[in-house]
Visitor: 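Sharing a structure with you now.
We count residues from 1, following the sequence as given. Worth knowing before you read on, the calculation uses all heavy atoms, side chains too, and leaves out hydrogens, waters and symmetry mates.
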Amino acid sequence: MNDGSRRTAFTRRACLAGLVGGACLGTGRRPALAAPRAADDPFADLPPLKGAARGKPAFGLTANAARIPKERKLFARMAAEMDLFTPESNFQWSAMEPKPGQWNWQPTDAGLAWATANDIRVVGHALLYHWFIPDWLKTSRDAKTLTEALHRRIDMTLGRYQGRIARWDVVNEPLNARDGMPGDLRRTAYSQTLGETYLDLAFKAARAADPKAVLCLNEAEIEYDDQADRRASLLALLRRLKDRGVPIDVLGLQSHLDAGKKLDLKGLREFLAGVRSLGLKIAVTELDIIDRSLPGDPSVRDKAVAEHARQYLEAVRAESNLVSVTCWGMNDRNTWLDMWHARDDGRPLRPLPFDFDLRRKELWNVIRQVVLA
């Protein structure tokens with residue numbers, strides 16, 4: 001992972017933790033929210049993806065559940081569009097168990113209640129994510145302590161929400177070649193103490209806690225030429241896990257794309273074919289598209305962003321059993337990318353399928369076409 005990627009990961013972690021700008025709000029002054037007007041939305045007459053894709057990949061969006069009472073207009077509008085809701089940082093371990101045995105269920109309960117009332121399924125993201133190992137645990141190197149804490153975390157969380165979560169992201173971002181660990185594992189308290197078997201522990205504990213749950217390993221940065229080694233490491237890891245009988249159902253591809261780069265479609269297809277051969281499904285879990293290097297004209301940018309996403313999503317759809325496409329955010333007004341990928345011309349980024357005023361964009365139509373194909 002290069003320096004830019006490491007800084008990006010840090011910035012996303014800060015957003016998830018709610019440490020920056022109101023849980024990932026953009027950095028600049030934003031105009032007041034206007035009601036969407038059909039005349040300005042060429043896709044306004046098309047039905048929403050919610051409920052339109054029975055038997056097809058589901059469409060999802062992401063936001064911190066703490067925003068729901070403060071932004072009711074936004075959430076009411078978006079509830080009509082999505083089948084899946086990822087409550088951003090609310091399921092993270094350090095947020096749910098800030099001290100040993102001290103549990104905070106309120107944000108996740110509230111997010112689940114809102115989603116259920118709006119006929120939306122919830123994604124549990126994530127049970128074990130290196131940035132969110134609680135402070136009271138992250139420096140431990142005692143195998144018994146780490147194992148018992150992870151079992152308690154999974155048993156308590158899946159026990160409380162058993163049968164109510166569409167998919168659990170059990171482990172998020174387990175790889176980082178820069179750390180020099182065997183198998184390119186990311187250096188954490190768990191990998192340093194238990195090695196690769198911490199993954200076995202997490203997934204087997206999740207399966208035991210909720211035998212019917214859909215379990216996902218979520219990873220990033222596999223789309224471009226300079227990420228071939230990462231694709232190879234991830235595929236090798238998945239093969240080892242499957243060989244050991246680890247119960248993984250889905251590979252999540254974060255899909256933070258950059259329209260200024262060229263996709264490695266051949267390498268991507270080969271990787272996806274390898275994943276499919278293991279019997280794993282694919283979920284696109286955090287889709288957004290950086291448009292920092294594109295021309296300033298919003299209409300030009302929107303078309304370029306949509307075309308980049310089309311190439312990527314069509315390859316994923318063709319080479320995998322795709323179960324969902326979730327975007328990391330709700331609309332362009334609220335994107336974590338503002339924190340690190342701000343444009344030199346000062347114009348707001350346009351990385352998501354809905355614009356500042358909640359109008360559907362070309363990216364939404366591309367997602368619609370891929371989902372319904």
Visitor: Once you round to the nearest 0.5 Å, how far does CD1 of Ile248 lie from CG of Leu278?
Guide: 9.5 Å
Visitor: Salt bridge check: are Glu314 and Arg317 linked by an N-O gap of less than 4.0 Å?
Guide: no
Visitor: Ignoring hydrogens and angles, write down the donor-acceptor pairs under 3.5 Å from the side chains of residues 100-107, residues two or more places apart or on other chains.
Guide:
{"unit_1": "Asn104", "atom_1": "OD1", "unit_2": "Gln106", "atom_2": "N", "d": "3.4"}

Visitor: Centre-to-centre under 6.0 Å for Phe75 and Trp114, is that the case here?
Guide: yes
Visitor: Under 4.0 Å between a Lys/Arg side-chain N and an Asp/Glu carboxylate O for Lys261 and Asp226?
Guide: yes
Visitor: Is Val250 reachable from Leu175 through a run of I, L, V, M, F, W or Y residues, each pair having side-chain heavy atoms under 4.5 Å apart?
Guide: no
Visitor: Which residues pass the side chain to side chain contact (heavy atoms under 4.5 Å, CB included) test with Arg360, not counting sequence neighbours?
Guide: Asp41, Phe43, Leu46, Pro48, Arg77, Glu81, Phe354, Trp364
Visitor: I'd like to know if Val323 and Ile367 are part of one continuous hydrophobic network [Ile/Leu/Val/Met/Phe/Trp/Tyr, side-chain heavy atoms within less than 4.5 Å].
Guide: no
Visitor: Asn331 and Asp355: side-chain donor and acceptor closer than 3.5 Å?
Guide: no
Visitor: Working note: Trp328 + Leu337, criterion side-chain contact (heavy atoms from CB on, under 4.5 Å); need CA distance, chi angles, decisive distance, verdict.
Guide: CA-CA 10 Å; Trp328 198 254; Leu337 294 174; over 6 Å; no
Visitor: For the residue pair Thr285 and Asn218, confirm or rule out a side-chain donor-acceptor distance under 3.5 Å.
Guide: yes
Visitor: Does a salt bridge link Asp83 with Lys50, judged by any charged N lying under 4.0 Å from a carboxylate O?
Guide: no
Visitor: Is Val246 reachable from Val275 through a run of I, L, V, M, F, W or Y residues, each pair having side-chain heavy atoms under 4.5 Å apart?
Guide: yes
Visitor: List in chain and number order the residues that pass salt bridge (Lys or Arg N to Asp or Glu O under 4.0 Å) with Asp297, two or more places apart in sequence or in another chain; answer none if no residue qualifies.
Guide: none
Visitor: Indicate yes or no: at least one non-hydrogen side-chain atom of Phe91 is less than 4.5 angstrom from one of Leu112.
Guide: no
Visitor: Under 3.5 Å, is there a donor-acceptor pair between the Glu219 and Asn172 side chains?
Guide: no
Visitor: Side chains of Ser89 and Asn64: donor-acceptor distance under 3.5 Å anywhere?
Guide: yes
Visitor: Do Glu196 and Arg240 sit within salt-bridge range, that is, some charged N less than 4.0 Å from a carboxylate O?
Guide: yes
Visitor: With a 4.5 Å limit on heavy-atom distance, are the side chains of Ser324 and Phe59 in contact?
Guide: no
Visitor: Check for me whether the distance between the ring centres of His130 and Trp93 falls short of 6.0 Å.
Guide: no
Visitor: Check the side chains of Glu221 and Gln254 for a donor-acceptor pair under 3.5 angstrom, ignoring hydrogens and angles.
Guide: no
Visitor: Could you verify whether a donor N or O on one side chain and an acceptor N or O on the other, from Thr108 and Tyr161, lie under 3.5 Å apart?
Guide: yes
Visitor: Let me see the working for Glu97 and Arg153 under salt bridge (charged side-chain N to carboxylate O under 4.0 Å, His left out), right down to the final yes or no.
Guide: CA-CA 8 Å; Glu97 192 184 10; Arg153 150 70 164 162; over 6 Å; no
Visitor: Between Leu234 and Leu251, is the side-chain contact (heavy atoms from CB on, under 4.5 Å) condition met? List the steps.
Guide: CA-CA 10 Å; Leu234 179 54; Leu251 173 64; 4.2 Å; yes
Visitor: Tell me, please, which residues at least two apart from Asp258 pass side chain to side chain donor-acceptor pair (under 3.5 Å).
Guide: none
Visitor: Given the rule in the side-chain hydrogen bond (donor to acceptor under 3.5 Å, both in side chains) test, do Tyr312 and Ser255 qualify, once you have shown the distances and angles that lead to the verdict?
Guide: CA-CA 9 Å; Tyr312 173 71; Ser255 309; 2.6 Å; yes
Visitor: Answer yes when Asp184 and Arg178 have at least one side-chain N-carboxylate O distance shorter than 4.0 Å, and no when they do not.
Guide: no
Visitor: Checking Arg160 now: which residues fulfil side chain to side chain donor-acceptor pair (under 3.5 Å) with it, not counting sequence neighbours?
Guide: Asp109
Visitor: Sequence neighbours left out, what passes side chain to side chain contact (heavy atoms under 4.5 Å, CB included) with Leu146? Give chain and number order.
Guide: Leu137, Ser140, Ala189, Tyr190, Thr193
Visitor: Can you tell me how far apart CG (Leu127) and CG (Leu150) are? Round to the nearest 0.5 Å.
Guide: 8.0 Å
Visitor: Quick one: side chain to side chain donor-acceptor pair (under 3.5 Å) partners of Thr86, sequence neighbours excluded?
Guide: none
Visitor: Do Asp249 and Arg207 pass the salt bridge (charged side-chain N to carboxylate O under 4.0 Å, His left out) test, and can you show the C-alpha distance, the side-chain angles, and the key distance before you say yes or no?
Guide: CA-CA 10 Å; Asp249 303 307; Arg207 179 65 85 226; 3.0 Å; yes
Visitor: Is there a side-chain contact between Ser94 and Trp131 in this structure, where contact means two heavy atoms from C-beta onward sitting under 4.5 Å apart?
Guide: no
Visitor: If we only count heavy atoms from C-beta on, is the Val214 to Trp168 side-chain gap below 4.5 Å?
Guide: no
Visitor: Quick one: do Arg276 and Leu272 satisfy side-chain contact (heavy atoms from CB on, under 4.5 Å)? Show the steps, please.
Guide: CA-CA 6 Å; Arg276 188 178 64 236; Leu272 291 168; 5.8 Å; no
Visitor: Does Asp344 have any side chain to side chain donor-acceptor pair (under 3.5 Å) partners at least two apart in sequence or in another chain, and if so, which?
Guide: none
Visitor: So how far is it from Leu294 CG to Asp302 CG, rounded to the nearest 0.5 Å?
Guide: 10.0 Å
Visitor: Heavy atoms, side chains only, cut-off 4.5 Å: are Leu265 and Gln311 in contact?
Guide: yes
Visitor: Which Ile, Leu, Val, Met, Phe, Trp or Tyr residues join Val123 in one cluster when any pair of side-chain heavy atoms under 4.5 Å counts as a link?
Guide: Leu84
Visitor: Under 4.0 Å between a side-chain nitrogen and a carboxylate oxygen: does that hold for Asp288 and Arg350?
Guide: no
Visitor: Other hydrophobic cluster members with Leu352, side-chain heavy atoms of Ile/Leu/Val/Met/Phe/Trp/Tyr under 4.5 Å, chained?
Guide: none
Visitor: How many angstroms lie between CZ in Phe271 and OG in Ser320, if you round to the nearest 0.5 Å?
Guide: 10.0 Å
Visitor: Are Leu287 and Val325 side-chain neighbours, meaning at least one heavy-atom pair lies under 4.5 Å?
Guide: yes
Visitor: Within this structure, what is the CD-OG1 distance for the pair Glu173 and Thr188, rounded to the nearest 0.5 Å?
Guide: 12.0 Å
Visitor: Could you check whether Lys144 pairs with Asp142 (Lys NZ or Arg NE/NH1/NH2 to Asp/Glu carboxylate O, under 4.0 Å)?
Guide: no
Visitor: If the condition is side chain to side chain contact (heavy atoms under 4.5 Å, CB included), which residues does Arg187 pass it with, not counting sequence neighbours?
Guide: Asp179, Met181, Gln192
Visitor: Treat each ILVMFWY residue as a node, draw an edge where side-chain heavy atoms are under 4.5 Å apart, and state whether Val300 and Phe356 are in one component.
Guide: no
Visitor: Does anything in residues 262-271 form a salt bridge (charged side-chain N to carboxylate O under 4.0 Å, His left out)? List the pairs, not counting sequence neighbours.
Guide: Arg231-Asp264, Lys266-Glu270
